[in-house]
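To find a chain, count down the sequence lines: A is the first, B the second, and so on, and within it residues start at 1.
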Protein chains: 2
Amino acid sequence: MYTGSMSTPERLIESTRELLWERGYVGTSPKAIQQHAGAGQGSMYHHFAGKPDLALAAIRRTAEEMRATAEAALGGSGSAYARVEAYLLRERDVLRGCPVGRLTMDPDVIASDELRAPVTETLDWLRDRLAGILEEGVAQGEFTDALVPREIASTVVATVQGGYVLARSSGAPAAFDAAVRGLLALLGACAAPSGTTRH
Amino acid sequence: MYTGSMSTPERLIESTRELLWERGYVGTSPKAIQQHAGAGQGSMYHHFAGKPDLALAAIRRTAEEMRATAEAALGGSGSAYARVEAYLLRERDVLRGCPVGRLTMDPDVIASDELRAPVTETLDWLRDRLAGILEEGVAQGEFTDALVPREIASTVVATVQGGYVLARSSGAPAAFDAAVRGLLALLGACAAPSGTTRH
DNA sequence: GTCTATAAGACGATAGAC
DNA sequence: GTCTATCGTCTTATAGAC
């Protein structure tokens, strides 16, 4: 599957990332990884201690990538609403689900402190990042101060994660979009009463 | 594990339900089911055609149960907001996740039209049920008619499903509660401007 | 670094005795 | 209806040659 110029460890990590995304940890075997990476067994066990070790490298990279992608949308210069909107409406491979969030449904990942850590850190970071932005929005009078930024941030992250569930259940990205539109409508209605800010 | 008065098929189905909830379809083996049910292999294959057949029976029952539980909260007699609130705040085994929603992350379930059908039907039913309630709320002036009931309903279901993800990621139910409180705050702020309805 | 060989056990199912 | 035996394959490695 990978025949390019990547090194063997690199191909193994990238293959693991894809298989973890598609089939989860329990559903991904070392053999499948090796075949996807075009590497032999000896090769894999030379570079990595085993399945958990390789998975950890893959999960860490996926988590890092997700933070970077989110930051690209959240770090803009518009209003708080605009930045949250940019995050919610950014392009997504909706039917594949969230490569980080889906790991929370993997019993072996949740059971391992090491494997779970990157997942926890990433979702915590995302919620905190959103909370900070929403707090700015409240401070600048963009939203009513009846809003608790940290709670709304949790709602935003949850809606995205749950949107993936709805999309995969129905087999169509539209279900994700509907949930996001609903959330944006609710957020829009929370503009401070005296708000002069235009979304 | 089950030594009570249940029949063998019954014990097999209940065991499958629990294991499916905990480990998903891919992570649940016939052997594990048999041991949990206290039944031999021959016994299992006598009553069910195989793993998919048994899983289908288990998933159907779980889906049915989830609809009944949701209806118990949604079918109340209060305002639309109160009924949605009752649904959101109902007791949940948060850290175990949603026994129906989690199946959407199972590649083998999604790949099978038969196994996926109960999942799709249940989440669709839930969204439609919520949409109907929200529509009543809008019609009675409880919510501003800027709300699109079907979209808000999607947001509600997504927040719950995503709330499970956040809770399992952090290892604590509090993350679920935060997302729900955020959503209720947003919904509360959407009371129609002329609204006399008290939540 | 990569390969093949080997291993002990799990997986999903079938066969046939009781 | 339930049991044990067996099957071919996959899983997650380890060993050792090249």
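Residues satisfying the salt bridge (Lys or Arg N to Asp or Glu O under 4.0 Å) criterion with A/Asp177, sequence neighbours excluded, are absent altogether.
Applying the ring pair (Phe, Tyr, Trp, His ring centres under 6.0 Å) test to pairs two or more places apart or on separate chains, those with a residue in residues 27-50 of chain B are B/Tyr2-B/His36. A ring pair (Phe, Tyr, Trp, His ring centres under 6.0 Å) check over residues 103-124 of chain A, counting only residues at least two apart or in different chains, returns nothing. For residues 89-111 of chain A, no residue pair satisfies the ring pair (Phe, Tyr, Trp, His ring centres under 6.0 Å) rule, not counting sequence neighbours.
For C/dT2, one of the phosphate oxygens OP1 or OP2 lies less than 4.0 angstrom from a side-chain nitrogen or oxygen of A/His47. When the side-chain nitrogen and oxygen atoms of A/Thr8 are compared with OP1 and OP2 of C/dT2, one or more of them lie within a distance under 4.0 Å. Using a 4.0 Å cut-off, no side-chain N or O of B/His46 falls inside it from OP1 or OP2 of D/dT2.
No side-chain N or O of B/Thr28 forms a donor-acceptor pair with one of B/Arg23 less than 3.5 Å apart.
Distance CD (A/Gln35) to C1' (D/dT12): 14 Å, rounded to an integer number of Å. The nearest whole Å value for the distance from the CZ atom in B/Phe48 to the C1' atom in D/dT2 is 15 Å. As a whole-Å value, the separation of A/Leu12 CG from D/dT12 P is 15 Å. Atom C1' of nucleotide C/dA10 and atom CD1 of B/Ile33 are separated by 14 Å, given to the nearest angstrom. Atom pair A/Arg23:CZ and D/dC10:C1' shows a separation of 12 Å (rounding to whole Å applied). In this entry the distance linking CZ of B/Arg11 with P of D/dG1 reads 13 Å, nearest Å.
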For this session: Indicate for each nucleotide in nucleotides 11-17 of chain C, in 5' to 3' sequence, whether protein heavy atoms under 4.0 Å reach the base (B), only the sugar-phosphate (S), or nothing (-).
Result: SSBB---

For residues 146-159 of chain A, please give each side-chain donor-acceptor pair under 3.5 Å, one per line with the distance, not counting sequence neighbours.
| from | atom 1 | to | atom 2 | distance (Å) |
| --- | --- | --- | --- | --- |
| A/Glu151 | OE2 | B/Arg181 | NE | 2.7 |
| A/Ser154 | OG | A/Arg150 | O | 3.1 |
| A/Thr155 | OG1 | A/Glu151 | O | 3.0 |
| A/Thr155 | OG1 | B/Ala179 | O | 2.7 |
| A/Thr155 | OG1 | B/Leu183 | N | 3.2 |
| A/Thr159 | OG1 | A/Thr155 | O | 2.8 |
| A/Thr159 | OG1 | B/Thr159 | OG1 | 3.2 |

